[in-house]
Amino acid sequence: MMGVDKDNIVAVLQAVRLFDISRGNFADVLEEVFYADVNSHTHPSDNWTCVAPTAKRMKGKVAYHGDGWVRSDYRGLGMSKIMAGVAFGLSFAMWNPDFVCGLVLPQLLDKGVVAQYGYGHHEAGGLRLMENNVLKEYLLIWLNGEELRGLVCRRGKSQLRSVL
C-alpha cells in the first residue's frame with residue numbers, strides 16, 4: 001500500500017502479504033522466508049528461528065502485516081493507526097484470513113504503537129535473529145479471523161453471520 005501527499009509524493013508505505021498455509025505452520029513459513037532471503041554477506045553462524053507457540057498453531061490463510069514507512073513530516077500524526085486500519089480492511093476484503101499478524105520490536109509494544117495498530121495479542125519469540133553474534137528478538141502480534149472481522153465490520157457475531 002502507498003499513500004501520497006497533495007503533490008503526489010510518497011508519504012507512507014505499508015507491506016501486506018498473504019500466506020496460504022495448507023502444510024506446516026506460520027513459524028515454518030517465517031523461517032523459510034528468512035532463509036530464502038539470505039544475502040551473500042551473511043555469516044555462516046547467523047540464524048533465524050521462530051519459537052512463538054502461536055505461530056506454530058497458525059495455519060490456513062495468514063495475512064502478514066509487514067514493514068511500514070512514514071515520511072518524517074507525517075510521523076506523530078496517527079498514520080500508523082490509519083495504515084494498520086487500511087491493512088486490516090484490505091486483508092479482510094481481499095482474503096478473509098484466518099489470522100492477521102506482524103513482527104515488531106519489543107520497544108513498539110512499550111511505546112504503545114502495537115495498541116495503536118489494533119492488535120489484541122503479542123508473544124515473545126516471533127522471530128529470533130542471531131546476526132554477527134548479536135541476538136535481536138521480534139514479538140509476534142496477531143488477531144484471529146473472527147477478531148479481524150469484528151474490527152472491520154464493527155458488528156456483533158449474529159449480524160456478521162447474516163452478512164457473510
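We use all heavy atoms of the structure for the numbers below, so side chains are in, but hydrogens, waters and symmetry mates are not. Everything numeric in this text was worked out from a predicted model, so none of it was measured.
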Please find the pair of heavy atoms, one from [X] and one from [Y], that lie closest to each other, and give the distance.
X	Y	value
Arg128	Leu135	CB-CD1, 4.1 Å
Pro106	Leu139	CA-CD1, 3.8 Å
Leu90	Met1	CD1-SD, 3.3 Å
Gly102	Tyr64	CA-CE1, 3.9 Å
Ala52	Leu140	CB-CD2, 4.1 Å

Gap between atom [atom2] of [Y] and atom [atom1] of [X] - 0.5 Å precision:
X	Y	atom1	atom2	result
Leu143	Ser91	CG	OG	10.5 Å
Asn25	Met58	CG	CE	10.0 Å
Trp142	His121	CH2	NE2	6.0 Å
Glu147	Tyr119	CD	OH	11.5 Å
His122	Ile141	NE2	CD1	10.0 Å
Leu109	Gln107	CG	CD	10.0 Å

Does some side-chain heavy atom of [Y] sit less than 4.5 Å from a side-chain heavy atom of [X]?
X	Y	value
Lys136	Leu105	yes
Val86	Gln14	no
Pro53	Lys56	no
Asp5	Asp73	no

Under 4.5 Å between side-chain heavy atoms, counting indirect links through other Ile/Leu/Val/Met/Phe/Trp/Tyr residues: same cluster for [X] and [Y] or not?
X	Y	result
Val100	Val152	yes
Val114	Leu148	yes
Val12	Val104	no
Val29	Leu18	no
Val16	Phe92	no

We want to know whether Thr54 and Glu123 form a side-chain donor-acceptor pair, criterion being a heavy-atom distance below 3.5 angstrom. yes

Can you find a side-chain donor-acceptor pair between His65 and Tyr117 that sits under 3.5 Å? no

Go through the steps for Phe19 and Phe99 under the test ring pair (Phe, Tyr, Trp, His ring centres under 6.0 Å), then give the verdict. CA-CA 10 Å; Phe19 292 99; Phe99 295 92; over 10 Å; no

Would a distance-only check, ignoring hydrogens and angles, find a side-chain to backbone donor-acceptor pair under 3.5 Å from [X] to [Y]?
X	Y	result
Gln116	Gly78	no
Asp98	Lys61	yes
Glu137	Gly125	yes

Could you please spell out the steps behind the side-chain contact (heavy atoms from CB on, under 4.5 Å) verdict for Trp95 and Asp20? CA-CA 10 Å; Trp95 304 313; Asp20 196 352; over 6 Å; no

Using a cut-off of 6.0 Å, state whether more than 12 heavy atoms not belonging to Asp67 lie near its atom CG. no

Residues Arg71, Val10; criterion side-chain contact (heavy atoms from CB on, under 4.5 Å); working and verdict: CA-CA 8 Å; Arg71 200 172 67 204; Val10 176; 5.8 Å; no

